[in-house]
Amino acid sequence: MTGPAIATERLNVSFADNHVVKDLSLSVQPGESFGIVGESGSGKSTVLRVLAGLNRDWSGEVAILGKSQPRQRDKAFHRAVQMVFQDPYGSLHPKKTVDDALAEPLTIHGIGDAEARIGRAMADVGLPPSFRFRYPHQLSGGQRQRVAIARALVLEPSILLLDEPTSALDVSIQAEVLNLLTSLRRQRNLTYILVSHDLAVVAHMCERLLVMQFGRGVEEMTAQTLAARNPQTDYARQLLVASEGFKRAG
Amino acid sequence: MMHPTPPLSSAMTEQPLLELDNLRVNFHTPTGIVRAVRGLSFTLGRERLGIVGESGSGKSMTGRAILDLIPPPGEVLADRMVYRGQDLLTMDRRSRRKLRGRHISMVMQDPKFSLNPVQTVGSQIAEAYRVHHKASAREAKERSLGMLEAVQIREPARVYDLYPHEVSGGMGQRVMIAMMLIAEPDILIADEPTSALDVTVQLQVLKILDDLVTSRGMGLIFISHDLHLVQSFCDRVIVMYGGKAMETLPAAELADESARARRHPYTLGLLGCLPDLDHPKAKLATLERDPAWLA
Amino acid sequence: MTTWTEYLTTDSPQSRRQARLGQLYRQWLAFRRNRLAVIGLGIVVALLLVAAFAPLIAPFDPLAQNLDRRLMPPSAVNWFGTDSLGRDIFSRIVHGARVTLVIVIMVVIMVGPVGLLIGATSGYLGGWVDRALMRVTDIFLAFPRLVLALAFVAALGPGLENAVIAIAITAWPPYARVARAETLIIRQQDYIAAVRLQGASQWRIVWKHVVPLCLPSLIVRTTLDMAGIILTAAGLGFLGLGAQPPIPEWGAMISAGREQIFDQWWVATFPGVAICIVALGFNLLGDGLRDVMDAR
């Protein structure tokens with residue numbers, strides 16, 4: 001493979017008179033895990049939705065696997081790029097069983113062999129076969145997020161977009177889900193973009209990260225730079241200090 | 001107390017603000033009794049007491065039980081529940097309600113749901129004051145403006161006339177705190193007061209709470225799922241799991257590596273499964289729960 | 001029996017069918033707890049049975065005139081008395097259940113899918129499609145239903161089929177509104193974003209993912225509306241624009257009895273009571289369904 005898996009050039013996003021992403025350029029290599037960090041209103045989730053093709057109000061250049069992307073994506077794109085959402089309670093259809101959720105992408109893309117693929121996807125994310133015909137209300141938050149990950153993986157994409165995948169979960173469940181994502185990436189050589197407000201999670205999951213504020217990329221750095229407390233910009237430093245917890249003056 | 005008393009210990013020697021012995025919260029459902037809190041005991045002085053736990057640990061129910069805010073079919077039982085010498089268990093509903101807001105207040109997670117959307121934030125604060133104090137409208141307004149200033153809102157006069165949807169999350173939470181504190185309560189129960197806020201705003205809100213505890217000698221019960229935050233902010237911490245206190249310890253000891261041997265395995269488990277900037281690991285530890293902890 | 005209960009209540013169903021049945025069983029358990037709803041269901045089931053076995057239940061031919069026995073009060077022979085042509089009112093009411101059922105079923109078949117599809121499409125696509133479709137529904141909603149139905153019947157000519165068509169044409173806009181409002185909420189959800197990301201066509205998203213979620217509130221709405229539909233049909237019948245004589249339609253029967261209402265009260269009263277009970281039954285059932293189905 002040559003060139004980046006994901007690249008944007010001067011990406012701009014506006015809703016009505018609200019300019020939420022400004023001139024953002026980034027590039028992620030195949031197999032890399034890239035983090036986007038920022039506070040609410042920084043535009044980090046919007047970037048992800050543009051990459052996923054869920055947002056159409058953008059201008060600039062978006063290239064996935066070397067192919068420039070139009071606003072309306074094609075089937076090949078959907079097989080290559082999938083996404084995991086933040087809220088495990090909102091990302092599963094309340095009237096559909098785990099089986100329905102995993103079978104749907106296979107039906108859409110006309111892929112046979114659904115039985116075996118669904119079984120494999122469930123095993124890969126650590127869901128026992130007995131869960132196959134459960135409805136979302138019969139699952140815990142962590143189990144729902146596993147279903148969401150399985151649904152994303154059923155089409156065997158090479159890129160996974162992760163929008164705060166663990167911020168709605170308890171820390172012990174977060175650890176399980178993060179471990180799962182780490183091992184899946186290693187097994188399948190996936191490319192990740194992980195959006196999070198949690199610096200420790202991003203540093204744990206990603207090799208490189210971008211700090212965003214008010215729609216702009218403020219600073220791009222490696223996870224080592226972050227761990228060494230060595231960011232160059234004031235805002236990134238400020239974010240780092242704030243994430244360390246409360247400090248009493250004096 | 002099993003552990004050496006933390007700073008602010010001088011305050012602990014006087015009469016405690018709140019004493020709780022064997023608190024239980026039960027919900028009677030068609031499928032049986034759900035025991036949300038099962039036998040929790042603690043005393044609160046003029047300090048910052050953290051209660052940490054995962055969802056379903058009973059931490060929020062504890063806060064609500066103290067304020068008598070458990071909805072039916074829930075019931076609150078305790079061997080002892082005493083606020084500054086007054087027995088809360090034998091107190092009638094009306095006196096209990098009077099206590100609420102005036103002497104014991106609560107700040108919830110999301111200010112958007114706790115403020116009346118069709119009333120300006122200022123008038124809501126002023127009203128909260130006049131419920132508990134005999135005061136003229138003008139005096140109440142002055143008080144409210146002062147309170148807004150105390151929670152570090154820069155233009156109190158402008159913010160006073162705003163409606164809840166016109167203020168940001170961080171400002172909304174400060175308004176809530178102002179509203180809860182204007183009656184000058186002795187105890188503030190803060191249930192995840194900063195979880196909906198950005199980190200930088202979160203610290204500003206904590207700073208305000210911290211100042212209030214220090215300057216007014218208020219007792220703060222800080223309920224949170226965030227171990228790091230509780231460790232850096234509180235004096236003492238109760239770690240809850242399955243409705244029970246696993247252990248109570250000085251917050252400083254959470255970070256203290258040398259005290260590891262004394263820690264409850266659940267506390268260690270919670271600490272271990274957090275990703276840590278300074279100690280990167282390929283795989284995060286997962287939490288093994290022991291049924292014996294709930295025995 | 002226990003094995004059936006176990007099969008339905010298990011946490012780990014083994015097949016799609018078992019999962020669906022289990023879901024239905026849980027809803028039935030919730031429904032059963034609402035006594036009024038069960039009464040409503042009883043009334044509706046009774047209506048179905050009466051309609052199905054009308055010839056067996058009715059002691060007389062509903063159309064057979066017997067001018068010797070005109071306007072007889074209720075007795076052991078004619079339980080509800082006879083009308084001005086000497087026809088047995090009880091038999092006419094029993095057969096009238098069939099007419100009522102036909103009206104109800106026809107309207108539901110015509111109205112439900114149309115309202116659902118227009119509403120869901122309008123809500124999901126938005127933009128000019130939404131504006132155009134919603135203005136059309138606004139026009140229909142701007143007239144009182146009975147007046148509009150009257151206008152349509154006047155244009156189409158009186159008769160049962162035309163009455164049904166007129167009612168259907170005037171009944172769909174509220175359904176479209178409900179479906180649209182639900183869709184506007186549903187389309188913001190992450191699970192819809194997830195199917196979009198899988199490359200599903202818009203048609204598939206509306207039909208397979210949005211519509212199933214709008215369905216419960218529409219079923220509830222239809223059931224609650226049933227009373228209104230029956231009353232509108234009766235109203236048209238009363239005005240002579242619905243079912244034509246000698247069809248035993250309840251509204252037309254009341255109309256025929258209005259001349260004798262002071263002297264022979266039973267002629268108009270019993271069909272009125274029938275309408276009342278059936279309308280009430282549908283209302284109670286609808287309320288019960290709402291409690292069960294809307295609680296997701």
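The structure presented is a predicted model; accordingly, all values stated were derived computationally and were not measured. In what follows, chains carry the letters A, B, and so on, assigned in the order in which the sequence lines appear, proteins first and then strands, with residues in each chain numbered from 1.
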Novice: What I'd like to find out is whether the side chain of C:Leu197 reaches to under 4.5 Å of the side chain of A:His78, using heavy atoms alone.
Specialist: yes
Novice: Side chain, backbone, both or neither: which part of C:Gln14 has a non-hydrogen atom closer than 4.5 Å to chain A?
Specialist: backbone
Novice: I'd like to know if the side chain of A:Gln145 and the backbone of A:Tyr89 have a donor-acceptor N/O pair within less than 3.5 Å.
Specialist: no
Novice: Is there a donor-acceptor pair under 3.5 Å between the side chain of A:Thr8 and the backbone N or O of A:Leu11?
Specialist: no
Novice: Residue by residue, scan residues 127-136 of chain C and write down, ordered by number, those that have a heavy-atom distance under 4.5 Å to chain A; if none do, write 'none'.
Specialist: none
Novice: Pick one of side chain, backbone, both or neither for C:Arg26, based on which atoms fall under 4.5 Å of a heavy atom in chain A.
Specialist: side chain
Novice: For chain C, which residues from residues 115-134 of chain A lie under 4.5 Å away (heavy-atom distances)?
Specialist: A:Glu115, A:Ser130, A:Arg132, A:Phe133, A:Arg134
Novice: Parallel, tilted or perpendicular: which one describes the rings of C:Phe152 and C:Phe140, with boundaries at 30° and 60°?
Specialist: parallel
Novice: Kindly indicate whether the side chain of C:Trp207, heavy atoms from C-beta on, has any atom under 4.5 Å from the side chain of C:Pro212.
Specialist: no
Novice: I'd like to verify something: which residue of A:Thr97, A:Asp87, A:Val154, A:Ile108 has the highest number of heavy-atom pairs under 4.5 Å with chain C?
Specialist: A:Ile108
Novice: In the structure I gave you, are the side-chain heavy atoms of A:Ile6 and A:Ser27 within less than 4.5 Å of one another anywhere?
Specialist: no
Novice: Quick check on A:Val81 against chain C: is it the side chain, the backbone, both or neither that has a heavy atom closer than 4.5 Å?
Specialist: backbone
Novice: Could you tell me whether C:Trp172 and C:Tyr175 have their ring centroids closer than 6.0 angstrom?
Specialist: no
Novice: Test salt bridge (charged side-chain N to carboxylate O under 4.0 Å, His left out) on A:Glu104 and C:Arg204 and set out the steps.
Specialist: CA-CA 10 Å; A:Glu104 183 70 0; C:Arg204 186 181 181 90; 2.7 Å; yes
Novice: Are the side chains of A:Met83 and A:Asp163 in touch, meaning some heavy atoms are under 4.5 Å apart?
Specialist: yes
Novice: Which residues pass the side chain to side chain contact (heavy atoms under 4.5 Å, CB included) test with A:Gln174, not counting sequence neighbours?
Specialist: A:Thr166, A:Leu178, A:Val201, B:Pro275
Novice: Does any N or O in the side chain of C:Tyr124 come within less than 3.5 Å of the main-chain N or O of C:Ile186, such that one atom is a donor and the other an acceptor?
Specialist: no
Novice: Return the minimal non-hydrogen interatomic distance between C:Ala120 and C:Val211, and the atom names on each side.
Specialist: CB-CG2, 4.2 Å
Novice: Give me the contact list for residues 46-62 of chain A versus chain C, heavy atoms only, anything under 4.5 Å, ordered by residue number.
Specialist: A:Arg49, A:Ala52, A:Gly53, A:Leu54, A:Arg56
Novice: Between chain A and each of C:His209, C:Arg20, C:Gln189, C:Gln18, count heavy-atom pairs under 4.5 Å; write down the option with the most.
Specialist: C:His209
Novice: Exactly one of A:Leu184, A:Leu102, A:Val84 should register a side chain to side chain contact (heavy atoms under 4.5 Å, CB included) with A:Leu153. Which one does?
Specialist: A:Leu184
Novice: Can you say whether A:Asp74 sits under 4.5 Å from chain C via the side chain, the backbone, both, or neither, judging by heavy atoms?
Specialist: neither
Novice: Hey, is the main chain of A:Ala5 close enough, under 3.5 Å, to the side chain of A:Gln29 for a donor-acceptor pair?
Specialist: no
Novice: Can a donor-acceptor pair be found, under 3.5 Å and without considering hydrogens, that links the side chain of A:His109 to the backbone of A:Ala76?
Specialist: no
Novice: Using the six-membered ring wherever Trp is involved, compare the ring planes of A:His137 and A:Tyr135 and label them parallel, tilted or perpendicular (cut-offs 30° and 60°).
Specialist: parallel
Novice: Taking A:Gln86, A:Gln82, A:Arg73, A:Lys75 one by one, which has the highest count of heavy-atom pairs under 4.5 Å against chain C?
Specialist: A:Gln82
